[in-house]
Amino acid sequence: MSVFSGKCLCGNVTYKCHAEPTVIFNCHCEDCRRATGSVFGTNFFVPEDELEIFGEVSSYSHTADSGSAMTKRFCPNCGSLLFGNNSAKSNVVSIRAGTVDQLDLIKPVFNVFMDSKVPSTSIDENLKQASRMPL
């Protein structure tokens, strides 16, 4: 039984996750802004071996400021960004919160990369903040 599920815009890629997110972050780094086309990205972090992906995904890899290889996985049909991997974190995948079916689960606890946030972005002051990635 899945804990949560989701899909891309066109529905060609779907997924089921069989674990609760270990953490949910709002990420304000430049990579997340450019990849999502928004002022920040909200990401669920889950064990990759608890994620089932149905359908074909394409990927794009680049090197982050940290030197880690970052791989973004998206639907080749509609272009929806769904998943991300960081070479420095084994068995961890980030899932873009906007693709999750169960909206009530989207409860970020942290704003990260606050040093690079868009100045006009409103911030929930009740959430913890970090200038970079704390984990």
Side-chain angles (χ1 to χ4, degrees):
M1 180 173 175
S2 68
V3 173
F4 66 93
S5 59
K7 62 184 171 289
C8 65
L9 180 61
C10 72
N12 284 355
V13 179
T14 62
Y15 62 85
K16 291 181 181 177
C17 187
H18 303 285
E20 297 284 336
T22 55
V23 68
I24 303 173
F25 284 165
N26 292 327
C27 185
H28 298 266
C29 77
E30 182 178 356
D31 288 347
C32 281
R33 288 197 319 266
R34 293 193 185 277
T36 63
S38 188
V39 294
F40 62 87
T42 302
N43 301 301
F44 284 47
F45 289 85
V46 300
E48 190 160 21
D49 59 4
E50 294 292 335
L51 177 65
E52 283 185 279
I53 299 171
F54 307 96
E56 180 185 339
V57 294
S58 292
S59 64
Y60 172 75
S61 295
H62 63 97
T63 303
D65 290 343
S66 65
S68 296
M70 304 296 287
T71 302
K72 283 144 172 86
R73 294 186 280 165
F74 53 93
C75 174
N77 185 55
C78 66
S80 295
L81 177 60
L82 294 127
F83 315 109
N85 295 89
N86 178 331
S87 64
K89 299 182 185 321
S90 65
N91 195 39
V92 175
V93 64
S94 61
I95 299 174
R96 301 312 183 256
T99 68
V100 173
D101 292 329
Q102 294 78 15
L103 301 181
D104 58 317
L105 296 179
I106 305 173
K107 297 176 185 171
V109 297
F110 231 113
N111 280 300
V112 298
F113 286 94
M114 292 296 288
D115 287 354
S116 56
K117 82 171 191 68
V118 172
S120 63
T121 302
S122 296
I123 299 296
D124 181 344
E125 297 297 332
N126 295 314
L127 302 182
K128 294 182 234 173
Q129 297 181 17
S131 61
R132 303 206 39 95
M133 184 63 80
L135 301 176

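Counting heavy atoms from C-beta outward, Phe83 and Lys72 have side chains that stay 4.5 Å or more apart. By the 4.5 Å heavy-atom criterion applied to side chains, Phe54 and Lys16 are counted as neighbours. The closest side-chain heavy-atom distance from Val109 to Lys107 is not below 4.5 Å.
In terms of modelled atom types and a separation under 3.5 Å, the side chain of Ser5 and the main chain of Asp101 share no donor-acceptor contact. Of the possible donor and acceptor atoms, one in the side chain of Arg33 sits under 3.5 Å from a partner among the backbone N and O of Ser116. Panel note: side chain Asn91, backbone Asp49; a donor-acceptor pair is recorded below 3.5 Å. Counting only distance, with no hydrogens or angles, the side chain of Ser80 and the backbone of Cys75 share no donor-acceptor pair below 3.5 Å.
Checked against Gln129 for a side chain to side chain contact (heavy atoms under 4.5 Å, CB included), the options Ile123, Asp124, Val112 give a single hit: Ile123. The one candidate from Leu81, Asn43, Thr42, Asp31 that meets the side chain to side chain contact (heavy atoms under 4.5 Å, CB included) condition with Thr36 is Leu81.
When all heavy atoms are compared, the tightest approach of Ser68 to Ala88 is OG-CB, 3.4 Å. Across Phe110 and Ala130, no two heavy atoms sit closer than the pair CE2-CB, 3.6 Å. Counting all heavy atoms, side chain and backbone alike, Pro76 lies closest to Ser58 at CB-OG, 3.2 Å. Annotation for Thr71 and Ser59: closest pair CG2-CB, 3.8 Å, computed over non-hydrogen atoms. Contact between Phe45 and Ser94 at its shortest, heavy atoms only, is CE2-CB, 3.8 Å. Summarising the geometry of Phe74 relative to Gly79, their closest heavy-atom pair is CB-O, 4.0 Å, with the distance given to 0.1 Å.
Using a 4.5 Å cut-off between side-chain heavy atoms of Ile, Leu, Val, Met, Phe, Trp and Tyr, with links allowed through other members, Val92 and Met70 fall into different hydrophobic clusters. In this structure, Val23 is not a member of the same hydrophobic cluster as Phe40, with clusters built from ILVMFWY side-chain heavy atoms closer than 4.5 Å. Linking ILVMFWY residues whenever their side-chain heavy atoms come closer than 4.5 Å, directly or via other members, places Leu105 and Ile95 in the same cluster. Two different hydrophobic clusters hold Leu127 and Leu103 under the rule that ILVMFWY side chains link at heavy-atom gaps under 4.5 Å.
Counting non-hydrogen atoms of other residues, nucleotides and ligands closer than 6.0 Å to CD1 of Ile106 gives a total above 12.
Using cut-offs of 30° and 60° on the angle between ring planes, the pair Tyr15 and Phe4 is perpendicular.
Residue Asn111 holds its CG atom at 12.5 Å from OG of Ser131, rounded to the nearest 0.5 Å. The CD atom of Glu48 sits 10.5 Å away from atom SG of Cys17, with the distance rounded to the nearest 0.5 Å. Rounded to the nearest 0.5 angstrom, Glu20 CD and Glu50 CD are separated by 11.0 Å.
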- [ ] Begin from the C-alpha positions of Leu82 and Arg96 and carry the test side-chain contact (heavy atoms from CB on, under 4.5 Å) through to its verdict.
- [x] CA-CA 5 Å; Leu82 294 127; Arg96 301 312 183 256; 5.8 Å; no

Open item on the list: Is there a side-chain contact (heavy atoms from CB on, under 4.5 Å) between Val13 and Arg73? Walk through the geometry before answering.
Closed with: CA-CA 11 Å; Val13 179; Arg73 294 186 280 165; over 6 Å; no

Open item on the list: Checking Phe44 against Val93 for the side-chain contact (heavy atoms from CB on, under 4.5 Å) test, could you report, in this order, the C-alpha distance in whole Å, the side-chain angles of both residues, the deciding distance, and whether it holds?
Closed with: CA-CA 8 Å; Phe44 284 47; Val93 64; over 6 Å; no

